Number of protein chains: 2
Amino acid sequence: MDGTQGRIAARRLASPARREQILEAAIAYFAEVGFGGTTRDLARRAGVTQALLYRYFSSKADLTEAVFERIYLGRLDPRWIEEIRDRSVPLRARLLRFYGAYTGAIFTYEWMRIFMWAGLAGDALNNRYLSRVADSLLAPIAAEIGAEPGLTPPAMEDMWNLHGGIVYIGIRRFIYRLPTPDDCTPAIEAATDRFLAGCRAT
Amino acid sequence: MDGTQGRIAARRLASPARREQILEAAIAYFAEVGFGGTTRDLARRAGVTQALLYRYFSSKADLTEAVFERIYLGRLDPRWIEEIRDRSVPLRARLLRFYGAYTGAIFTYEWMRIFMWAGLAGDALNNRYLSRVADSLLAPIAAEIGAEPGLTPPAMEDMWNLHGGIVYIGIRRFIYRLPTPDDCTPAIEAATDRFLAGCRAT
DNA sequence: CACTCTGTTGATCAATTGATCAACAAGCGA
DNA sequence: TCGCTTGTTGATCAATTGATCAACAGAGTG
């Protein structure tokens with residue numbers, strides 16, 4: 001209830017809890033201002049002293065690395081690909097289910113912005129993540145489309161087009177701060193239907 | 001032919017030429033490292049002294065502002081919208097012509113990255129630019145599609161989907177540094193055809 | 001209460017960085 | 001060649017910033 005920013009933290013915390021608190025604050029802070037942000041500002045927002053950061057992280061680089069790991073780790077749910085291949089469910093429903101889950105996982109302020117900051121900075125994890133998206137998600141989806149009677153399997157560039165058109169909603173919302181629909185399900189449905197219709201027409 | 005970086009500049013240059021040279025170097029430099037880059041690094045790459053920057057720009061903020069203006073100014077060609085409305089040309093050809101010209105204008109290392117850096121930093125020009133894209137380009141395109149017999153006019157969210165899917169090619173190439181086709185014309189054609197087919201099906 | 005462990009802090013250092021300024025020097029007209 | 005204008009530089013300042021460390025303080029134990 002104090003009017004000042006930060007300094008909300010308890011006076012004394014168990015080591016793992018404090019580390020977790022700092023890490024969470026770092027994710028929120030770096031998402032907002034990028035990795036050029038200062039350790040002093042971060043500490044203020046975490047409600048601790050700047051010196052304390054160095055008890056839990058050996059350097060700023062060490063801290064940002066922890067932010068990366070936390071952000072990337074477990075972001076790609078292995079069940080997604082299983083569900084994509086589950087042919088007991090109609091193809092359209094599988095696509096909608098996947099992109100519902102995928103956007104549900106990545107359409108957050110922290111994820112979208114940290115991913116973009118990292119991409120611009122040339123982070124290697126970023127590049128590797130997207131390669132995995134291509135190999136483990138887009139390629140299997142293309143294969144499933146190709147397995148459907150009457151549908152031509154789309155090229156990877158077409159898959160990227162589907163993917164990019166959907167992800168761009170999050171870019172507009174969290175990076176460009178443009179108004180977007182609260183619920184992006186209808187947009188995903190429309191994009192998916194257009195895409196499937198295109199695979200049929202060829 | 002000196003092995004060192006930078007210091008290519010002539011010893012003495014006319015004032016406007018030097019300013020132009022610094023501005024060009026700033027665009028290339030900030031595109032690469034973002035606006036957190038230092039004036040010393042920039043000066044080194046421009047081949048001048050750090051102090052000289054302040055003869056042509058009153059502050060770093062003044063310099064970055066000049067970079068913005070140069071980048072944004074004249075990037076939206078007013079002829080594009082005229083050509084979009086030119087109904088003597090088939091609709092599909094108009095769409096392809098527009099996105100050929102549009103991607104030809106923005107798919108550069110400098111533009112894509114500075115635009116993204118600025119977007120993350122919350123630059124106002126960025127937001128305004130995209131609003132103009134929506135009002136002056138996407139909305140008229142939607143209207144032209146709606147004017148075509150047998151086609152339903154797409155909602156703005158659909159237009160953003162078309163747009164985002166195409167722009168995402170540039171994001172992959174210049175921000176994520178992923179491999180993309182040298183010529184993105186086929187991808188644009190495929191995306192456009194899918195989109196128009198979708199407008200027909202409804 | 002005294003003791004110990006450890007989470008936390010304020011002070012501080014060295015390097016970086018935006019910005020300034022007096023001094024230098026290249027071109028050019030008289 | 002002299003002298004003026006102006007493009008250019010090296011030195012330097014003040015503020016910021018990542019990182020360190022001795023000292024402080026809260027909590028549990030005997």
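Remember, predicted model here, so these are calculated numbers, not experimental data. All chains are named by letter (A, B, ...) in the order of the sequence lines, taking the proteins before the strands, and each is independently numbered beginning at 1. Values below: all heavy atoms of this structure, side chains included; hydrogens, waters and symmetry mates excluded.
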Undergrad: Checking the side chain of R92(B) only, and the main-chain atoms of D193(B) only, is there a donor and an acceptor separated by less than 3.5 Å?
TA: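 Judged by distance alone, no pair lies under 3.5 Å.
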Undergrad: Please determine whether a side-chain nitrogen of the Lys or Arg among E32(A) and R45(A) lies less than 4.0 Å from a carboxylate oxygen of the Asp or Glu.
TA: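 Salt bridge between E32(A) and R45(A), a charged N being under 4.0 Å from a carboxylate O: yes.
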Undergrad: Figure out the CG/C1' separation between L13(B) and dA25(C), and round it to whole Å.
TA: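 One finds 15 Å between C1' of dA25(C) and CG of L13(B), rounded.
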Undergrad: Can we call the ring centroids of Y102(A) and W80(A) under 6.0 Å apart?
TA: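 Judged by ring-centre distance (under 6.0 Å), Y102(A) and W80(A) do meet the cut-off.
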Undergrad: For the pair made of CG in L53(A) and C1' in dG10(C), what is the distance, rounded to whole Å?
TA: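 Rounding to the nearest Å, CG of L53(A) and C1' of dG10(C) are 15 Å apart.
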Undergrad: Give the ring-plane orientation class for H163(A) versus Y99(A), where under 30° counts as parallel, over 60° as perpendicular and anything between as tilted.
TA: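 Rings of H163(A) and Y99(A): tilted, 30 to 60°.
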Undergrad: Distance check needed: dG7(C) P versus F57(A) CZ, whole Å only.
TA: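 After rounding, the gap between these two atoms is 14 Å.
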Undergrad: Take atom CG of L52(B) and atom C1' of dA25(C), then tell me their distance rounded to the nearest Å.
TA: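 Rounded to whole Å, this separation is 14 Å.
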Undergrad: Sort out for me which residue in F68(A), F174(A), Y129(A) forms a ring pair (Phe, Tyr, Trp, His ring centres under 6.0 Å) with W111(A).
TA: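 It is Y129(A); the other options fail the test.
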Undergrad: Mind calculating the distance between CZ (R19(B)) and P (dT6(D)) to the nearest angstrom?
TA: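 Atom-to-atom, R19(B) to dT6(D), this comes out as 18 Å.
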Undergrad: What's Y56(A) touching, base or sugar-phosphate or nothing? Going by heavy atoms closer than 4.0 Å.
TA: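 Sugar-phosphate, backbone atoms only, no base.
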Undergrad: Measure from the side-chain heavy atoms of R12(A) and tell me the nearest of dT9(C), dA25(D), dT9(D).
TA: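 The answer is dA25(D).
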Undergrad: Mark up nucleotides 15-23 of chain D, 5' to 3', with B wherever a protein heavy atom is under 4.0 angstrom from a base atom, S wherever such an atom reaches only the sugar-phosphate, and - elsewhere.
TA: --BBBBB--
Undergrad: Taking CZ from R18(B) and C1' from dA25(C), how many angstroms apart are they, rounded to a whole number?
TA: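 Value for this atom pair: 14 Å.
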Undergrad: Before accepting this row, confirm whether a basic side-chain N of the pair R200(B)/E148(B) lies closer than 4.0 Å to the acidic partner's carboxylate O.
TA: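 Answer for the salt bridge query: no.
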